[in-house]
Amino acid sequence: MRKRLSALLLLLLLALTGCASWGGTPAQQGPQRYEASFLDLFDTVTVVIGYAESEEDFTALAQEIHDELEVYHRLYDIYNDYEGLVNLKTVNDRAGQPVQVDRRIMDLLVLAREMYDATGGQVNVAMGSVLELWHDAREAALSDPSGAAIPAEEEIAGALEHISFDTVVLDEENSTVCLTDPEQSLDVGALAKGYAAEQVARGLEEDVLISVGGNVRASGPRADGTPWVVGVQDPDGGETYLQTLNLSQGSLVTSGDYQRYFTVDGVRYHHIIDPSTGYPARRYRAVTILCEDSGIADGLSTALFLMGQEEGKALLDQYGADALWILLDGTMDATEGFAQAVRTTNER
């Protein structure tokens, strides 16, 4: 865990330090650039970058952003209970009966249902039974690499019997969720980080850049009105990035096979699971989405990682989004809108 977070933090710093301080030196007047990072949200690194008149002002803002994100983190947590809080773990634990939930859970699940329908089931937060098998295998492998093993074929086949979103009943009027299949469980990892970043960014009066595990959301441009500079990581180079882009408003979200994985007999098994097979998808190294809405971008990055490019382009058109694909051989292909946003490209 520590190694993965350290690598991700390094990536974020490399990708985001292109945002030079406005005003040149601390001796000059005007807002100065500040940065804060947190390790206790969504099992990843969260970075907040912005401009303020003083360090105290920025610290207060960053803490406010952290605290709001923490609320979403707890609500969407499927591993931990919190006293007095009904979260997604509660919903999973009570599978088979309706559970009244916070509106922020219901709104996320309504988006999840929309994305499930739009992507033909590729984005499926109801496949917790399958994802749990791979999560447990990955955690075991990280703890004891010599004993690393993938889930048994029969376990995967059994879990796939319980992933239909049709058995997730959402009563929006009464804000209740019912998993009518008692062996089903929810896992909103394909949407949660991006969705939470989106909701928090929408409520800000200040213009900042928020990155939750690489789900980047700009609430507005830098203090001088110029865009932020964000980067797309090279899947094979932890300290380099393939492209930088200008981002003034909206989001940049990546799904890749290098983000969460473990290795068995020289084969890398990552965390993006194809719902049709129950195994990690093998189409691309990474897919990066450029989209106004970070929650939708998070879902699209997963969906496009799992589908062919032509099908993916049709889905992008539906949401007014753009994408960059990094193919298995390392070559890149981008939509026209994505290419227009590129600031620099590093040849491999």
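- A salt bridge links Asp93 to Lys89: one of the charged nitrogens lies within less than 4.0 Å of a carboxylate oxygen.
- As a member of the Ile/Leu/Val/Met/Phe/Trp/Tyr network built from side-chain separations under 4.5 Å, Trp134 groups with Met127, Val130, Leu131, Leu133, Ile150, Ile156, Leu160, Ile163, Phe262, Val264, Val267, Tyr269, Ile273, Tyr279.
- Ser301 and Ser255 share a donor-acceptor pair across their side chains, judged by distance under 3.5 Å alone.
- A donor-acceptor contact closer than 3.5 angstrom is absent between the side chains of Thr167 and Thr180.
- We find that Lys193 and Asp298 are not joined by a salt bridge, their nearest charged nitrogen and carboxylate oxygen being 4.0 Å or further apart.
- Considering CD of Glu68 and CG of Leu41, their distance stands at 12.0 Å, rounded to 0.5 Å.
- Between the side chains of Asp333 and Gln309, at least one donor-acceptor pair of N or O atoms lies under 3.5 Å.
- The pair Arg103-Glu172 counts as a salt bridge, with a side-chain nitrogen and a carboxylate oxygen less than 4.0 angstrom apart.
- Between the side chains of Asp329 and Thr331, at least one donor N or O lies within less than 3.5 Å of an accepting N or O.
- Not a single side chain to side chain donor-acceptor pair (under 3.5 Å) links Ser185 to another residue, sequence neighbours left out.
- No salt bridge links Arg74 with Asp81; every basic N to acidic carboxylate O contact stays at or beyond 4.0 Å.
- Asn87 meets the side chain to side chain donor-acceptor pair (under 3.5 Å) test with Thr90; sequence neighbours excluded.
- Salt bridge status for Asp257 with Arg282: absent, with no side-chain N to carboxylate O gap under 4.0 Å.
- Annotation: Asn174, atom CG; neighbour count of heavy atoms from other residues, nucleotides and ligands within 6.0 Å is above 12.
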side-chain hydrogen bond (donor to acceptor under 3.5 Å, both in side chains) between Thr254 and Thr288, worked out: CA-CA 4 Å; Thr254 296; Thr288 298; 2.7 Å; yes
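- Partners of His271 according to the ring pair (Phe, Tyr, Trp, His ring centres under 6.0 Å) rule, which considers only residues two or more places apart in sequence or in another chain, do not exist here.
- In the model, Gln100 has no side-chain atom that pairs as donor or acceptor with a side-chain atom of Ser175 under 3.5 Å.
- Residues passing the ring pair (Phe, Tyr, Trp, His ring centres under 6.0 Å) test with Tyr195, sequence neighbours excluded: none.
- Tyr51 does not carry Arg33 over the face of its six-membered ring by the limits of under 6.0 Å from the centre and within 45° of the normal.
- Enclosure of atom CD in Glu183 is not indicated, since only 12 or fewer non-hydrogen atoms of other residues, nucleotides or ligands lie within 6.0 angstrom.
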Are Leu179 and Asn92 close enough, and set up right, to give a side chain to side chain contact (heavy atoms under 4.5 Å, CB included), and what steps lead you there? CA-CA 8 Å; Leu179 306 182; Asn92 288 341; 3.7 Å; yes
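- Asp187 and His135 share no side-chain donor-acceptor pair at under 3.5 Å.
- Remark: Tyr82 engages no residue in a ring pair (Phe, Tyr, Trp, His ring centres under 6.0 Å) (not counting sequence neighbours).
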Salt bridge (charged side-chain N to carboxylate O under 4.0 Å, His left out) evaluation trace for Asp236 with Arg285: CA-CA 9 Å; Asp236 293 320; Arg285 297 299 315 280; 3.0 Å; yes
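- Of the candidates Asp77, Leu109, Ile78, Val188 forms a side-chain contact (heavy atoms from CB on, under 4.5 Å) with just one, namely Leu109.
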